[in-house]
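Working notes, structure below.
The first residue in the sequence is number 1, and the count goes up from there.
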Amino acid sequence: MTLAARSYADLPGLMTLMTGDEKHGASATSTLDVLWVLYDRVLRVDPAVPDDPGRDRFLLSKGHGPMAYYAVLAAMGFLSPDDLRGFGGPDSRLGYHPDRTLVPGVEIGSGSLGHGLGLAVGTALGLRLAGTDSRTVVLLGDAELEEGSNAEAIQYAGRVGLHRLTAVVIDNSSASLGWPGGILRRFTVEGWSGVDVDGRDHDALERALAEPGDSPHVVVAHVEPKES
């Protein structure tokens, strides 16, 4: 991972460069700290070689609010600040949902919720079959866990021991139904390791996202409730 060209303190200014009615501000800001810690301290990625076969894979399943994601990519050198100014425009590479064919460093096109975890399971399985040590990290929202496809992905990953897979769930209390025993238990009952953590505490997030053990791992990052 290369050193950040900018600092965490630069992110608010970078985010203000993106304007329009489709920013999904609450969705974006709920992910900001997790995204920064991942790119600044955890992921093995290099903006100079975004398609390096040995890179870690980061999948943004929570893709309907990519404003914070784009700001972090700009801070880390995958994008320029000028790219942010055209956010959502007809000539911009930065759509309201990220597009892997247009944005350096983006692994999947996302925004239709409920698909990212299954894609991450397939990615982690493929990397294991290829014999690499790359990690796969997927970022989800608590509400999208209500999509039924996630249940199968959680179950399968636990059964086959995808230990290089980490799921990060942003919990901003936006789920409609919830789960008995909480989000963490939904994963651990299927054989995952996991931890609840303050989603704004960078040091706690770094510890929670440390190198995984011998099972898939989930980090439930709790942030302030989404405003109605």
Side-chain angles (χ1 to χ4, degrees), residues 15 21-38 42 58-72 96-98 106-124 136-159 162 165-202 204-205 207-209 212 215-228:
M15 291 175 71
D21 296 331
E22 298 293 334
K23 293 194 299 181
H24 291 285
S27 178
T29 55
S30 69
T31 67
L32 186 63
D33 294 271
V34 168
L35 286 166
W36 178 255
V37 171
L38 281 168
V42 176
F58 172 73
L59 281 62
L60 181 69
S61 185
K62 190 177 167 67
H64 60 294
M67 184 170 61
Y69 187 33
Y70 293 153
V72 170
Y96 296 138
H97 297 169
V106 171
E107 298 285 353
I108 60 171
S110 59
S112 181
L113 299 180
H115 301 299
L117 185 55
L119 290 169
V121 168
T123 299
T136 301
V137 180
V138 56
L139 179 61
L140 310 102
D142 61 322
E144 71 175 298
L145 284 180
E146 295 181 342
E147 298 285 350
S149 56
N150 289 292
E152 296 180 17
I154 293 168
Q155 183 184 62
Y156 180 81
R159 296 293 191 275
L162 289 178
L165 171 65
T166 298
V168 184
V169 182
I170 302 295
D171 182 9
N172 64 351
S173 303
S174 59
S176 300
L177 301 175
W179 304 272
I183 293 173
L184 183 62
R185 184 176 182 275
R186 186 176 187 192
F187 286 80
T188 57
V189 74
E190 298 291 355
W192 292 55
S193 63
V195 61
D196 285 294
V197 68
D198 180 348
R200 301 302 187 191
D201 185 327
H202 291 193
L205 285 166
R207 290 191 297 270
L209 292 162
S215 63
H217 184 64
V218 62
V219 175
V220 183
H222 299 273
V223 298
E224 60 279 358
K226 180 180 177 180
E227 293 183 2
S228 300

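Every residue meeting the side-chain contact (heavy atoms from CB on, under 4.5 Å) condition with A204, not counting sequence neighbours, appears here in chain and number order: V197, D201, R207. Residues that satisfy the salt bridge (charged side-chain N to carboxylate O under 4.0 Å, His left out) test with E224, not counting sequence neighbours, are R200. Residues passing the side chain to side chain donor-acceptor pair (under 3.5 Å) test with E147, sequence neighbours excluded: none. With sequence neighbours excluded, no residue forms a side chain to side chain donor-acceptor pair (under 3.5 Å) with T136. Take Q155 and apply the side chain to side chain donor-acceptor pair (under 3.5 Å) test, not counting sequence neighbours, and it matches no residue.
Using a 4.5 Å heavy-atom threshold, the side chains of M15 and T29 count as touching. The shortest side-chain heavy-atom distance between V34 and V223 does not fall under the 4.5 Å cut-off. A heavy-atom distance below 4.5 Å is found between the side chains of V169 and F187.
Looking at every heavy atom in both residues, L60 comes nearest to P98 through CD2-CG, 4.3 Å. The shortest non-hydrogen separation linking G199 to D33 is O-CB, 3.3 Å. Shortest non-hydrogen contact noted between G191 and S215 is O-CB, 3.5 Å. Annotation for S61 and V138: closest pair CB-CG2, 4.0 Å, computed over non-hydrogen atoms. In terms of heavy-atom proximity, A153 sits nearest to L117 at CB-CG, 3.8 Å. Residue V219 comes nearest to A208 through the heavy atom pair CG2-O, 3.5 Å, listed as atom of the first residue, atom of the second, then distance.
Screening residues 181-197 for side chain to side chain donor-acceptor pair (under 3.5 Å), with sequence neighbours left out, gives R159-E190, S193-H217, D196-H222.
With Y69 as reference, F58 is the one residue of W36, F58, Y96 to meet the ring-ring contact (aromatic ring centres under 6.0 Å, His included) rule. Each of L35, V37, L139 was checked for a side-chain contact (heavy atoms from CB on, under 4.5 Å) with V168, and the lone residue meeting it is L139.
Atom CG of L59 sits about 4.0 Å away from atom CD1 of I108, to the nearest 0.5 Å. In this structure, the separation between CG on D171 and CD1 on I183 is 4.0 Å, given to the nearest 0.5 Å. Once rounded to the nearest 0.5 Å, the distance linking OG of S30 with CD1 of I170 reads 5.5 Å.
Between the side chain of D142 and the backbone N or O of A175 there is at least one donor-acceptor pair closer than 3.5 Å.
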Quiz item: Run the side-chain contact (heavy atoms from CB on, under 4.5 Å) check on L184 and V218 step by step: do they pass?
Solution: CA-CA 7 Å; L184 183 62; V218 62; 3.7 Å; yes

